[in-house]
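Computed from heavy atoms alone, side chains included, the values below leave out hydrogens, waters and symmetry copies. Bear in mind that the values here come from a model prediction, so they are computed numbers and not experimental data. In the text below, chain A, chain B and the rest are named by the order of the sequence lines, each starting its count at 1.
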Amino acid sequence: MKLKRAFYTRDVLIVANELLGKVLVKKDGRKLFSGRIVEVEAYDGRTDQAAHTYIGKTKRNEIMFNEGGYLYVYLSYGVHYCCNVVTGTKGIGTAVLIRALEPLEGVNMMIRNRFDKNKLVGKELKQLTNGPGKVCKSFGIGKNHSGVDLTKDKIYLENALLKKNEEIGVSKRIGITKSVHLPWRFFIKNNPYLSGY
DNA sequence: CCACGGATTGGCT
DNA sequence: GCCAATCCGTGGA
């Protein structure tokens, strides 16, 4: 079952925790991609200097000020796209970065999108979606998907539960230079598809 | 107008 | 482990 608006309009830290185990789905005509969320980070423009919304509303970050349940996509280092789930109520400026997935459906198309070839060698399956840029590249998510409504059919999340033996881990966020101390990275402990940290 | 740097990745030393 | 790639938002002159 697809997650509804009310799931997303809550506090960013609650949504970040509950996104673990949920399934990201992208339907692109006949192509279907899906993967289980195993690693996320919360960003809160009200208090968090690392958030794109900390400086207030601009053209770049305006999607992040929507009410919860929209996709915010940005270009990182001029090279990689990263996607976020907008959370909270309208005008707040909070979102959850999807950092890693466990691939489920559409793996062959993910391989083509990401490595430009048809077969994996060695440990490449675990490197398919174990980072925020890799997730977007595999799924074919780009700037044109920024602002997509996650309660519609193009990109959405399916409800799912963590498995019995799975526990949530917490740490500082990766790769930022401001507000580095905030423990706002959440992940499924021991999952093989976590980003390389 | 120009300079700077960043929520990353992968290739090379 | 180090660092280039490569774009563009942002802020100061």
Side-chain angles (χ1 to χ4, degrees), chain A residues 8 11-13 15-17 19-20 24 35 37-66 68 70-88 92-103 110-117 119-148 150 155 157 169-188 192-197:
Chain A
Y8 301 104
D11 184 82
V12 63
L13 292 177
V15 177
N17 269 276
L19 279 176
L20 293 173
L24 177 69
I37 298 175
V38 299
E39 178 180 341
V40 297
E41 286 175 356
Y43 288 86
D44 183 341
R46 293 170 295 184
T47 56
D48 166 15
Q49 296 184 59
H52 290 168
T53 45
Y54 185 74
I55 57 172
K57 191 187 265 191
T58 66
K59 180 114 186 178
R60 177 202 196 193
N61 65 25
E62 61 184 355
I63 301 295
M64 230 179 118
F65 284 98
N66 287 356
Y70 290 83
L71 198 68
Y72 166 56
V73 182
Y74 70 94
L75 181 63
S76 178
Y77 291 94
V79 183
H80 308 285
Y81 291 103
C82 297
C83 71
N84 297 253
V85 173
V86 177
T87 63
I92 301 291
T94 58
V96 179
L97 172 69
I98 297 179
R99 285 195 59 88
L101 299 176
E102 180 177 328
M110 292 185 207
I111 293 166
R112 279 198 286 278
N113 284 344
R114 191 156 133 55
F115 297 117
D116 196 27
K117 63 181 186 182
K119 279 211 158 176
L120 295 173
V121 291
K123 309 169 293 190
E124 285 179 340
L125 177 60
K126 288 184 177 149
Q127 297 165 359
L128 200 52
T129 52
N130 67 338
K134 300 174 186 178
V135 167
C136 283
K137 184 144 195 217
S138 295
F139 273 58
I141 293 174
K143 193 72 183 178
N144 55 321
H145 297 100
S146 199
V148 166
L150 297 174
I155 301 176
L157 291 167
V170 181
S171 79
K172 295 178 187 173
R173 295 172 295 178
I174 306 293
I176 53 172
T177 57
K178 301 170 193 163
S179 299
V180 292
H181 56 284
L182 295 173
W184 285 359
R185 173 175 174 252
F186 307 98
F187 54 96
I188 298 177
Y193 298 94
L194 297 179
S195 67
Y197 291 90

Taking C-beta and beyond as the side chain, do A:Ile92 and A:Val12 meet within less than 4.5 Å on heavy atoms? no

From OH of A:Tyr197 over to C1' of B:dA7, roughly how many Å is that when rounded to an integer? 11 Å

Does the pair A:Lys143 and A:Leu75 meet the rule for a side chain to side chain contact (heavy atoms under 4.5 Å, CB included), with working shown? CA-CA 7 Å; A:Lys143 193 72 183 178; A:Leu75 181 63; 5.7 Å; no

Describe the nucleic acid contact of A:Arg173 in one word from base, sugar-phosphate, nothing, applying a heavy-atom distance below 4.0 Å. nothing

Taking only N and O in the side chain of A:Arg114, is any of them less than 4.0 Å away from OP1 or OP2 of B:dT9? no

Given atom NZ of A:Lys178 and atom P of B:dC4, what is their separation to the nearest angstrom? 16 Å

To the nearest angstrom, the CD-P distance between A:Glu62 and C:dC8 comes to 16 Å

Any A:Thr58 side-chain N or O less than 4.0 Å from OP1/OP2 of C:dT10: yes

Tell me whether A:Arg114 contacts the main-chain N or O of A:Thr129 through its side chain, where contact means a donor paired with an acceptor under 3.5 Å. no

When all nucleic acid strands are considered with a 4.0 Å heavy-atom cut-off, which category describes A:Lys134: base, sugar-phosphate, or nothing? sugar-phosphate

I need the CD-C1' distance between A:Gln127 and B:dT8, as an integer number of Å. 14 Å

Counting the atoms with a prime plus P, OP1 and OP2 as sugar-phosphate, which does A:Arg185 contact under 4.0 Å by heavy atoms, base, sugar-phosphate, or nothing? nothing

Does B:dG6 have OP1 or OP2 under 4.0 Å away from a side-chain N or O of A:Thr177? yes

Distance check needed: B:dG5 P versus A:Gln49 CD, whole Å only. 16 Å

Assign A:Ile176 to base, sugar-phosphate, or nothing according to its heavy-atom contacts below 4.0 angstrom with the strands shown. sugar-phosphate

C:dC8 versus B:dG10 - spacing of their C1' atoms, nearest Å: 22 Å

Using modelled atom types only, decide if a donor and an acceptor are shared between the side chain of A:Thr94 and the backbone of A:Thr87 within a distance under 3.5 Å. yes

May I ask you to verify whether the side chain of A:Tyr77 and the base of C:dA5 hold a donor-acceptor pair under 3.5 Å? no

Quick check: on DNA chain C, is the nucleotide nearest A:Asn61 upstream (toward 5') of the one nearest A:Leu75, or the reverse? Name the residue that is more 5'. A:Leu75

Considering heavy-atom distances to DNA chain C, does A:Ile55 or A:Ser76 have its closest nucleotide positioned more toward the 5' end? A:Ser76

A:Tyr43 on top of B:dA7's base, within under 5.5 Å and under 30°? yes

May I ask you to verify if any side-chain N or O of A:Arg60 is less than 4.0 angstrom from the OP1 or OP2 atom of C:dG11? no

Could you check how far CG of A:Asn84 sits from P of B:dG6, rounded to whole Å? 18 Å

Nearest whole angstrom, please: distance from the P of B:dG11 to the NE2 of A:His80. 11 Å

In this structure, how many angstroms lie between the P atom of B:dT9 and the CG atom of A:Asn130, rounded? 8 Å

Is there a side-chain contact between A:Arg99 and A:Phe187 in this structure, where contact means two heavy atoms from C-beta onward sitting under 4.5 Å apart? no

When you look for runs of 3 or more Watson-Crick or G-U pairs in a row, both distances below 3.5 Å, which of them include DNA chain B? B:1-6 with C:7-12, B:8-12 with C:1-5

